[in-house]
Protein chains: 2
Amino acid sequence: MDLGSVVGRMRGRGYKATPQRVAVLEALGADQHQSMEELRGRCPEVGLVTIYRTLDLLGRLGLVRRLDLGDGPRYELAESHHHHLICESCGDISEFEECPLDVERLPLQNSGFEASSHSLEVYGRCAVCQ
Amino acid sequence: MDLGSVVGRMRGRGYKATPQRVAVLEALGADQHQSMEELRGRCPEVGLVTIYRTLDLLGRLGLVRRLDLGDGPRYELAESHHHHLICESCGDISEFEECPLDVERLPLQNSGFEASSHSLEVYGRCAVCQ
DNA sequence: TCGCTAACTGAAACTCTTTTTCGTTTATGA
DNA sequence: TCATAAACGAAAAAGAGTTTCAGTTAGCGA
Ligand SMILES: [Mn+2]
Ligand SMILES: [Mn+2]
Ligand SMILES: [Zn+2]
Ligand SMILES: [Zn+2]
């Protein structure tokens, strides 16, 4: 999803496409899974409060996902369904799209639970840290 | 794992089995996935700082797991490997032990990543909330 | 059983993150 | 260009968790 269509979508819903919001979007595009500190470093001209408010807005628009992986929130553009490999040694986070969930084995038949989404994180050691 | 063996394990490692720690353990035993607020309510005679310190200690001993499911940390006794069904309507959290992960489909062969654990949460609507 | 002491507790102070407030500024449509 | 609802950001407030430190105690050894 390119920046132009995001701007269009915002205006369509009555939100303004301000320079600050565009700056936050560009910061988000620079890398996945960034902490607030990293995002701030990528758009230092934007006030902290505005970054929080923009992340909240983009979250409500379904464009940004907030991750709670254990040491503080991280944010990523919600492009496509994927999961994470997290290195417990260096903290590196990588992604994979192939979903290893065996839906047959989800215990939903009898429970009456209707699943709509899921999150999966695999922890271990990355190639570098072996 | 019963309370007596936990006390024994603590003493074996040089930790004291204080009334406060026992109270926190009993609070944890009353229900899974409790918030700090719920835990406090279950052992109001224990100071807040001591609850935090006890949860930290039990975590290091591998007896307690901290969950980050989206609205504040929750704590549970780490009895056995299991996953969670989370109702996005009423917030109810239920557990299942049957692991629906198809290990064959984990993209680890070529990546050099060595997996040691994983967490999986399924979101949706529980039977009551349909 | 008693006394010693390292371990522990908890009130208060502190730190860090996030939210709220509110006066000023601005993007956008008419 | 103008009006105005939307947005910005500095400052203050709120909230969650941590550190400090003086007093207390569990548990071991005599
Ligand atoms: Mn990701
Ligand atoms: Mn659980
Ligand atoms: Zn690594
Ligand atoms: Zn429900």
Side-chain angles (χ1 to χ4, degrees), chain A residues 3-28 33-61 63-76 91, chain B residues 3-28 33-61 63-76 91:
Chain A
L3 219 148
S5 76
V6 172
V7 166
R9 187 195 291 217
M10 289 183 120
R11 288 212 257 255
R13 296 228 212 166
Y15 299 113
K16 293 181 180 177
T18 65
Q20 291 90 342
R21 285 174 178 172
V22 172
V24 171
L25 273 166
E26 283 170 346
L28 285 164
H33 322 125
Q34 292 181 78
S35 65
M36 177 59 60
E37 198 174 49
E38 290 170 311
L39 284 172
R40 283 187 81 178
R42 286 220 161 77
C43 48
E45 75 282 8
V46 181
L48 176 61
V49 184
T50 297
I51 300 182
Y52 277 114
R53 281 190 288 225
T54 301
L55 290 171
D56 181 72
L57 173 64
L58 294 174
R60 281 184 282 115
L61 293 178
L63 298 170
V64 162
R65 190 183 310 153
R66 177 192 155 133
L67 307 172
D68 290 295
L69 301 178
D71 48 24
R74 294 180 170 271
Y75 301 88
E76 68 174 9
Chain B
L3 219 148
S5 75
V6 172
V7 166
R9 187 195 291 217
M10 290 183 119
R11 289 212 256 256
R13 296 229 212 167
Y15 299 112
K16 292 181 178 178
T18 65
Q20 291 89 343
R21 285 175 178 171
V22 172
V24 172
L25 273 166
E26 283 170 345
L28 284 164
H33 321 126
Q34 292 182 77
S35 65
M36 177 59 58
E37 198 173 47
E38 289 169 311
L39 284 172
R40 284 187 80 178
R42 286 219 161 78
C43 47
E45 74 283 8
V46 181
L48 177 61
V49 185
T50 296
I51 300 182
Y52 277 117
R53 280 191 289 228
T54 301
L55 291 171
D56 180 72
L57 173 63
L58 295 173
R60 280 183 282 115
L61 293 178
L63 297 170
V64 162
R65 189 184 311 155
R66 178 191 154 132
L67 307 172
D68 290 294
L69 301 178
D71 49 25
R74 293 181 169 271
Y75 301 89
E76 67 174 10

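Here is the naming used below: chain letters follow the sequence lines, and residue numbers restart at 1 for every chain.
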Can you check the [X] [atom1] to [N] [atom2] distance for me, whole Å?
| X | N | atom1 | atom2 | answer |
| --- | --- | --- | --- | --- |
| A/R13 | C/dT28 | CZ | C1' | 19 Å |
| B/E37 | D/dG17 | CD | P | 11 Å |
| A/L57 | D/dA7 | CG | P | 7 Å |
| A/D56 | C/dT17 | CG | P | 19 Å |
| A/K16 | C/dA27 | NZ | P | 8 Å |
| A/E45 | D/dA10 | CD | C1' | 17 Å |
| B/L55 | D/dT18 | CG | C1' | 14 Å |
| A/R60 | D/dA6 | CZ | P | 13 Å |

Nucleotide nearest [X] when distance is taken to its side chain, options [options]:
| X | options | answer |
| --- | --- | --- |
| A/Y52 | D/dG27, C/dT17, C/dC8 | C/dT17 |
| B/Q20 | C/dT9, D/dG9, D/dA16 | C/dT9 |
| B/V49 | C/dC8, C/dT18, C/dA11 | C/dA11 |
| B/P19 | D/dA26, D/dA7, C/dT9 | D/dA26 |
| A/M36 | D/dA7, C/dA6, C/dT18 | C/dT18 |

Classify the side chain of B/R53 and the base of D/dG17 as holding, or not holding, a donor-acceptor pair under 3.5 Å.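 Not at all, since no donor on one side and acceptor on the other fall under 3.5 Å apart.
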Heavy-atom donor-acceptor pair, A/R11 side-chain to C/dG29 base, under 3.5 Å: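 For A/R11, whose side chain was compared with the base of C/dG29, there is no donor-acceptor pair (under 3.5 Å).
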Report for the helix from C/dT1-D/dA30 to C/dA30-D/dT1: angle between first-end and last-end helix axes, five pairs each, rounded to 10 degrees.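 The end-segment axes of the helix from C/dT1-D/dA30 to C/dA30-D/dT1 are tilted 30° relative to each other.
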Residue among B/R40, B/R42, B/E76 satisfying side-chain hydrogen bond (donor to acceptor under 3.5 Å, both in side chains) with B/Q34: B/R42
Would you mind reporting whether [Y] and [X] have side-chain heavy atoms less than 4.5 Å apart?
| X | Y | answer |
| --- | --- | --- |
| A/R9 | A/Y15 | no |
| A/Q20 | A/T54 | no |
| B/M10 | B/L61 | yes |

Could you check whether atom CD of A/E37 has more than 12 heavy atoms from other residues, nucleotides or ligands sitting under 6.0 Å from it?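 No, the 6.0 Å shell around CD holds no more than 12 heavy atoms from other groups.
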When rounded to the nearest 0.5 Å, the distance separating CD1 of B/I51 from CG of B/L28 is 9.5 Å
Does A/T50 or B/Y15 map to a spot on DNA chain D nearer the 5' end, using the closest nucleotide for each? A/T50
Is A/L48 touching bases, backbone alone, or none of the nucleic acid, heavy atoms closer than 4.0 Å? base
Using side-chain hydrogen bond (donor to acceptor under 3.5 Å, both in side chains) as the criterion, list what pairs up with A/R74, not counting sequence neighbours.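 With sequence neighbours excluded, A/R74 shows a side-chain hydrogen bond (donor to acceptor under 3.5 Å, both in side chains) to A/E38, given in chain and number order.
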Can you name the salt bridge (charged side-chain N to carboxylate O under 4.0 Å, His left out) partners of B/R53, sequence neighbours left out?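 Per chain and number, B/R53 pairs via salt bridge (charged side-chain N to carboxylate O under 4.0 Å, His left out) with no residue.
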For D/dT25, does OP1 or OP2 lie under 4.0 Å from any side-chain N or O of B/T18?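 Negative; the distance criterion is not met.
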